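The block underneath contains the structure these notes are about, expressed in structure tokens.
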Amino acid sequence: MALLSVANLTFAYGDRVVLDGVNLTLDAGQHVGLVGRNGCGKSTLLKMIAAQSLTPEQAAHAKLPTFKPDAGQIQIAKTATAGYLHQDHDLHPERTLRDEAGHAFAALAALHDELEQLSHRMGEPEVYENEDELDRCMKRYAALEEQIASAGGYAVDHKIEETLHGLGLEDPFFNVKCKDLSGGQRGRLALAKLLLAEPDILLLDEPTNHLDIAGRQWLEEFLRNFRGAVLIISHDRWLLDRVVSKIYELEDGVMVEYPGNYEKFRTLRAERIEEQRRAFEKQQTKIKSEKQFIEKFRAGQRAKQARGRETKLNRYLRDHALEPPMELDAMKLDFSPKKRSGDNVVVADDLGKEYENKPLFKGLSVNLKRGEKLGVIGPNGAGKSTLIRCLLGEQEPTSGAAKLGAQVDVGHFKQTHEDLDRSQTVVQYLRRFVPSDTEQEARDLAGAFLFRGDEQDKALNVLSGGERARAVLAGLMCVGHNLLVLDEPTNHLDIPSAERLEEALRRYTTASKKYSTAAGNNAGAEGTLILITHDRMLLDHLVDQLIVFDGHGNAELFLGTYSDWLAQQQKTQDKQQAQETQDKKTNANKEKKPLANAKPKSQQGGKPNKNKPRSNLSQRKLETRIAEIEERLTEIDFSMNDPAVFTDGDKMKALQDERAALRTELEPLEDEWLSRS
């Protein structure tokens, strides 16, 4: 059944047609990817779909635009709910992170409140003694319990914490107010709220922004198991490969549908472009032949025949002329190093670094040879960029030493581009990199990196993240460094640009075969690459060794590709699970084995089972105790957010211990409640 249907949708910004007769369907349970160049209209389409699913008030609250399509229609199934992840996150500034995440269950909280009020009402004499009124209250009570159970019951706390942890939001931030969170934390919180709400349709616009590799892995697993429909815009090729079963490509305003994942899409798209090219060339050959005949016999005895064929050709061109296949513009990248470095490019011995007396890494030894490709991965804030600064000699390590080899020329692409003079225009920035230092050569370089016309005279501070990244890459390419250090180079690049960068870096690290003596010291030059990225496809296709941070002060060198590392992690995990299973079996067998002096069951008396201390509680007492614990947990969370308490270590420790004890008591009570349900 189609939950979403887009039919013949057309939309234009002034004279620029963004959507030209777009068609799209999304069935229940289907996961679909939406790809295309930056600025091609993907986000516009998603916003239109999201606005269609909301009331005007809700759309305004979500900061969705009020524009409507020029033609066509969008239909969402009446019973379906849609959730949209947008870039302007709608978070209450005064709520804590934990409370804001729990707000996804506001409807469930309202049901709990009504159930509690109804419970008190049923205990009042005027209701208890009125059989009809009591019967109505009991029926409503039963209906509420059924609604609460279907909406998650009392087990939502675990779900909230699991989702927050999965997206990299840890307990120390739970009591921080939303207004005090970083941009990345707010983005992850908005995503957590949307995933917790579990709408029938998930509309996701770049959900992996601000997520490290662990967060992306968690999101990938969540989406793979999500039973609802998903329409996702993403530049994460690894995610698209493992989550979607169909891809729509928006190209020059037209939507093209491809079955399968991203890898299948690449194959089918290449085949489609090749078929279009052959058909176009065949038609051009036919047209050229007809035109030659017409020109040859236009003035001779066969002029009448020539005029007839000209009329026929014009009609054919009007009705059947094919357009040449659109080859999308791509950056023209070539990072060839201008000089050859020594064999040893970066050498580090027993390297360590501490920050505020906490280790970021320690005991790390690296010997990076010319032509090798090193990837650096780990959680956000683990110390990856600090390690790079230590390796390049820009920052002093706490222990050990690092040095660059002979003739090493470093090109450093920084994630935040903090070293740029953003008041400069694109051309002004690039002039210092071109050999002749002329404006025309700088403009030629800008054009090769897709800056057209007036775009070349825009200041760097008004460019988008992707445009700024292109400008920096253009400068790096011109210089011809023999060591490239790239920190999240694909963060703001669309997929075609990311793939072109990948191809260029692969060529960069391959030794060139130059036999002429004119090549000088550049003969056989090959570059060395250090890559910090969360782009798993880029990692897997490029690097041959990894430095892996665990986020707890440890970093280790792994020799192999990203896929090799994943396989090793899975093997370790399988071994641990097998050991845990074996330990459980061993412990179970020990418990079953009777002691030599143990009494038979018939002589042990009717003592209650200590493993189920609450099994003898009545339903009302069980629910009352659960409510008491949850109320106290709320009070504790509120107290922990009080600055007078937050700054008092002893008070905070006491509250944390009490909270842990209450959570321990609550879990078996919730299990008991669920088992009775």
Side-chain angles (χ1 to χ4, degrees), residues 37-40 87 183 206 209 235 328-339 385 388-389 392-395 404 408-505 507-508 522 525 527-533 535 538:
R37 280 285 189 186
N38 284 343
C40 71
Q87 302 306 315
E206 293 296 346
N209 285 354
H235 295 158
L328 296 174
D329 288 342
M331 297 182 295
K332 297 174 175 60
L333 290 170
D334 181 9
F335 293 104
S336 298
K338 291 184 177 178
K339 63 180 180 181
S385 297
I388 295 304
R389 288 193 292 270
L392 299 182
E394 297 174 0
Q395 190 169 337
L404 297 176
V408 173
D409 178 18
V410 181
H412 194 175
F413 180 97
K414 298 178 181 178
Q415 182 181 358
T416 56
H417 308 308
E418 68 268 14
D419 55 338
L420 295 184
D421 179 358
R422 301 198 180 194
S423 65
Q424 290 185 317
T425 66
V426 173
V427 170
Q428 288 171 339
Y429 171 72
L430 293 179
R431 275 192 69 170
R432 60 192 174 111
F433 296 107
V434 296
S436 64
D437 189 29
T438 62
E439 180 177 333
Q440 186 55 52
E441 191 171 2
R443 290 191 180 278
D444 292 342
L445 177 61
F449 278 75
L450 312 183
F451 290 101
R452 311 295 188 209
D454 294 341
E455 293 176 347
Q456 298 184 358
D457 296 311
K458 285 184 177 180
L460 296 175
N461 61 356
V462 301
L463 298 180
S464 68
E467 289 169 332
R468 203 153 41 238
R470 279 191 273 129
V472 175
L473 286 172
L476 280 178
M477 187 194 77
C478 254
V479 176
H481 305 283
N482 53 34
L483 170 61
L484 282 180
V485 181
L486 307 182
D487 192 348
E488 298 294 352
T490 60
N491 253 11
H492 301 287
L493 297 182
D494 54 32
I495 288 179
S497 297
E499 290 182 338
R500 183 56 60 92
L501 175 63
E502 180 184 308
E503 293 169 7
L505 292 175
R507 292 194 302 270
Y508 169 76
N522 188 39
T528 306
L529 176 66
I530 299 178
L531 181 64
I532 308 173
T533 184
D535 186 334
L538 190 70

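If you're wondering where the values come from, they're calculated on a predicted model, not measured in any experiment.
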Heavy-atom pair with the smallest gap, counting every atom of [X] and [Y]:
| X | Y | value |
| --- | --- | --- |
| Ser423 | Ala459 | O-CB, 4.1 Å |
| Gln428 | Thr425 | OE1-N, 2.9 Å |
| Leu531 | Thr533 | CG-CG2, 3.7 Å |
| Gly480 | Asp409 | O-OD2, 4.4 Å |
| Gln456 | Gly447 | NE2-N, 3.7 Å |
| Pro489 | Leu486 | CG-CB, 3.8 Å |

Derivation and outcome, side chain to side chain contact (heavy atoms under 4.5 Å, CB included), residues Leu484 and Phe413 = CA-CA 8 Å; Leu484 282 180; Phe413 180 97; over 6 Å; no
task = Inspect the surroundings of CG in Asp454 and state if more than 12 heavy atoms from other residues, nucleotides or ligands are less than 6.0 Å away.
result =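 No - once you tally the heavy atoms of other residues, nucleotides and ligands closer than 6.0 Å, there are 12 at most.
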inquiry  = Glu439: which residues meet the salt bridge (Lys or Arg N to Asp or Glu O under 4.0 Å) condition with it, sequence neighbours left out?
reply    =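 By the salt bridge (Lys or Arg N to Asp or Glu O under 4.0 Å) rule, Glu439 matches Arg443.
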Got a second to check how far [X]'s [atom1] is from [Y]'s [atom2], nearest 0.5 Å?
| X | Y | atom1 | atom2 | result |
| --- | --- | --- | --- | --- |
| Leu430 | Asp444 | CG | CG | 11.0 Å |
| Cys478 | Asp334 | SG | CG | 10.5 Å |
| Phe335 | Leu476 | CZ | CG | 6.5 Å |
| Asn461 | Leu463 | CG | CG | 8.0 Å |
| Glu499 | Leu501 | CD | CG | 11.0 Å |
| His492 | His235 | NE2 | NE2 | 11.0 Å |

Is the backbone N or O of [Y] less than 3.5 Å from a side-chain atom of [X], with the two atoms forming a donor-acceptor pair by type?
| X | Y | result |
| --- | --- | --- |
| Arg470 | Phe449 | yes |
| Asn482 | Lys339 | yes |
| Glu441 | Thr438 | no |
| Tyr508 | Glu503 | no |
| Gln415 | Asp487 | no |
| Arg468 | Leu460 | yes |

key: Set of residues satisfying ring-ring contact (aromatic ring centres under 6.0 Å, His included) with respect to Tyr429, sequence neighbours excluded   =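 Residues passing ring-ring contact (aromatic ring centres under 6.0 Å, His included) with Tyr429: Phe433.
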key: Minimum side-chain heavy-atom gap Asp535-Glu502 below 4.5 Å   =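 Counting from C-beta outward, Asp535 and Glu502 never come under 4.5 Å.
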ask   = Hey, does Met477 have a side-chain heavy atom less than 4.5 Å from the side chain of Leu445?
value =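 SC-SC contact between Leu445 and Met477 confirmed.
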